[in-house]
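Single-structure report; data block below.
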Number of protein chains: 2
Amino acid sequence: MQDHELKFKDYLATKGLKLTSPRKHILDAVFDLHEHFNAEELYNRVKSITSDVSIATIYRTIPLLVDAGLVQQALRSSGRDRYEHIYGHPKHIHWLCKACGAIVETDLNTLMGAVREQASLMGFRVQETEISIMGLCWKCIDNEKQI
Amino acid sequence: MQDHELKFKDYLATKGLKLTSPRKHILDAVFDLHEHFNAEELYNRVKSITSDVSIATIYRTIPLLVDAGLVQQALRSSGRDRYEHIYGHPKHIHWLCKACGAIVETDLNTLMGAVREQASLMGFRVQETEISIMGLCWKCIDNEKQI
DNA sequence: CCTTATATTGAGAATCAGTTGCAAACTTAT
DNA sequence: ATAAGTTTGCAACTGATTCTCAATATAAGG
């Protein structure tokens, strides 16, 4: 059994829930998708493997995955909620270039210390972080200079 | 004319659009609201001043304000898109409690140093930052213990 | 002050992501 | 095998957001 499957099963057990076949398929699809995804994209991915799962179950399973700490909500886009899997992934920062739309991800370690410090001052228990920096990437800054 | 009104007018001009009375009222309401707001809350605020504006216009105007750099999308909550005005505001962090939905804002200064350092390494020019931490606030941690 | 071309609006209809009720099917423990 | 509880697909539903459209307003040029 894969690592994340085990973690999901453990989580479900604590809630008296079961790791059923649809849930297993959804979980696998989530970890096949390496980009951010929305409910429909996830559904299509699952469908390409099995016809065993309905879109309602997708919507019902996503919150479980989030609560289990396997998936986190990402920035909403074009009117749809988006997610990304995070288990085994170091936290990261999204650098979004407003000119060319490129998204680069970098490590979050340097910032996490400061985040945790402030959290403990506030008595806040951190579950997820979402850090997005918007601006111009070096490529687009170069282009700008040439104009 | 207020600073942000001028900025909005300039933006509209570049798009061949006009600063009409409904748009002016919406803009004013946005800068009256000091908290995050969703479309309906903004509508109610505008209505308390004038009956001159419909909800459709609210929905049409928000993307203009975002594109003009006066408003930015905040964390979605209970199925509704949320926004906040940003013009002239210091950057901040959002702490969102997943249990009770409370949103607290704190200063970003401590983290900005680290962000800027990494940005300069990458040659990235920072324009906006959106830092959201999700988890449990002290109140809900307390409640949890009592159960 | 007219005319014309264009932008804007409110009202309500339409859409669409996401949620929910329900009855059948499954799981697990006894 | 049975009982108690969980899960699922389906279809109906909900409610936020978007769209359509006819009427109104605006700005520019005569």
Side-chain angles (χ1 to χ4, degrees), chain A residues 5 8-30 36-47 49-68 71-83, chain B residues 5 8-30 36-47 49-68 71-83 98 101:
Chain A
E5 198 168 313
F8 193 33
K9 194 175 182 182
D10 284 352
Y11 162 80
L12 291 170
T14 68
K15 300 272 174 181
L17 306 177
K18 297 152 194 169
L19 182 53
T20 60
S21 146
R23 284 180 182 157
K24 227 179 287 183
H25 283 128
I26 293 169
L27 181 65
D28 286 347
V30 161
H36 295 194
F37 59 87
N38 60 37
E40 195 187 355
E41 285 158 1
L42 179 55
Y43 179 51
N44 289 333
R45 181 70 175 209
V46 174
K47 257 202 312 196
I49 311 214
T50 173
S51 57
D52 190 21
V53 178
S54 75
I55 186 82
T57 300
I58 300 278
Y59 277 112
R60 279 191 277 239
T61 304
I62 288 174
L64 297 177
L65 293 167
V66 169
D67 200 35
V71 163
Q72 82 177 354
Q73 196 150 17
L75 277 183
R76 182 175 163 83
S77 109
S78 20
R80 312 199 55 154
D81 289 347
R82 304 177 77 240
Y83 306 88
Chain B
E5 197 168 314
F8 193 33
K9 194 175 181 182
D10 284 352
Y11 162 80
L12 290 170
T14 69
K15 300 272 174 182
L17 305 177
K18 296 153 196 167
L19 182 53
T20 60
S21 145
R23 285 180 182 155
K24 225 178 288 183
H25 283 128
I26 293 169
L27 181 65
D28 286 346
V30 162
H36 295 195
F37 58 88
N38 60 35
E40 196 187 352
E41 286 158 1
L42 179 54
Y43 179 51
N44 289 333
R45 182 68 176 212
V46 173
K47 257 202 313 196
I49 311 218
T50 173
S51 57
D52 190 21
V53 177
S54 75
I55 187 83
T57 299
I58 301 279
Y59 277 110
R60 278 190 282 239
T61 304
I62 288 173
L64 297 175
L65 292 167
V66 170
D67 200 35
V71 163
Q72 81 179 354
Q73 195 150 16
L75 274 183
R76 180 176 166 84
S77 114
S78 25
R80 310 199 55 153
D81 289 346
R82 299 178 61 79
Y83 305 89
K98 290 190 152 189

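In the text below, chain A, chain B and the rest are named by the order of the sequence lines, each starting its count at 1. Fair warning: this is a prediction, and the values are worked out from it, not measured in the lab. Side-chain atoms are counted along with the backbone in the values below, which use heavy atoms only and exclude waters and symmetry mates.
- Note that CG of A:N44 is 7.5 Å distant from CD1 of A:I55, once rounded to the nearest 0.5 Å.
- Summarising the geometry, the separation between CD1 on B:I58 and P on D:dT17 is reported as 12 Å, rounded to the nearest angstrom.
- Atoms CG (A:L64) and P (D:dT8) sit 9 Å apart, rounded to a whole Å.
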Pairwise N/O distances under 3.5 Å, protein to nucleotides 14-19 of chain C:
from   : atom 1 : to    : atom 2 : distance (Å)
C:dG18 : OP1    : A:D81 : N      : 2.8
C:dG18 : OP1    : A:D81 : OD2    : 3.3
C:dG18 : OP2    : A:Y59 : OH     : 2.7

Sugar-phosphate or base contact per nucleotide [nucleotides 22-30 of chain C; S, B, -; heavy atom under 4.0 Å]: -----BS--

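- Sorted by first then second residue, the side-chain hydrogen bond (donor to acceptor under 3.5 Å, both in side chains) pairs that include residues 12-29 of chain B, not counting sequence neighbours, are B:S21-B:D52.
- As rounded to whole Å, 15 Å separates atom C1' of C:dT9 from atom NE2 of B:H25.
- Rounding to the nearest 0.5 Å places CD of A:E5 at 8.5 Å from NZ of A:K9.
- The minimum heavy-atom distance between A:L42 and A:A29, with the atom names listed, is CD1-CB, 3.7 Å.
- Partners of B:Q73 under the side chain to side chain donor-acceptor pair (under 3.5 Å) rule, at least two apart in sequence or in another chain, do not exist in this structure.
- Axis deviation across the helix from C:dC1-D:dG30 to C:dT30-D:dA1 amounts to 30°, comparing end segments of five pairs, rounded to 10 degrees.
- If you take CG of A:D52 and P of D:dT8, they are 9 Å apart, rounded to a whole angstrom.
- Legend: residues meeting salt bridge (charged side-chain N to carboxylate O under 4.0 Å, His left out) with B:R82, ordered by chain and number and at least two apart, are absent.
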Using residues 57-67 of chain A as the side-chain source, report each donor-acceptor pair under 3.5 Å to any protein atom, sequence neighbours left out, with the distance given to one decimal.
from  : atom 1 : to    : atom 2 : distance (Å)
A:T57 : OG1    : A:S54 : OG     : 3.4
A:T61 : OG1    : A:T57 : O      : 2.6
A:D67 : OD2    : A:Y11 : OH     : 2.6

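- Across all non-hydrogen atoms, the minimal contact from B:I26 to B:V46 is CA-CG2, 4.0 Å.
- With sequence neighbours excluded, no residue forms a side chain to side chain donor-acceptor pair (under 3.5 Å) with B:N38.
- When the C1' atom of D:dG5 is taken as reference, atom CG of A:L12 falls 15 Å away, rounded to whole Å.
- One atom, NZ of A:K47, and another, P of D:dG9, lie 13 Å apart when rounded to the nearest Å.
- Along DNA chain C, the nucleotide nearest B:G16 and the nucleotide nearest B:S54 are compared for position; the residue whose nucleotide lies closer to the 5' end is B:G16.
- Of all heavy-atom pairs spanning B:E41 and B:H36, the tightest one is OE1-O, 3.8 Å.
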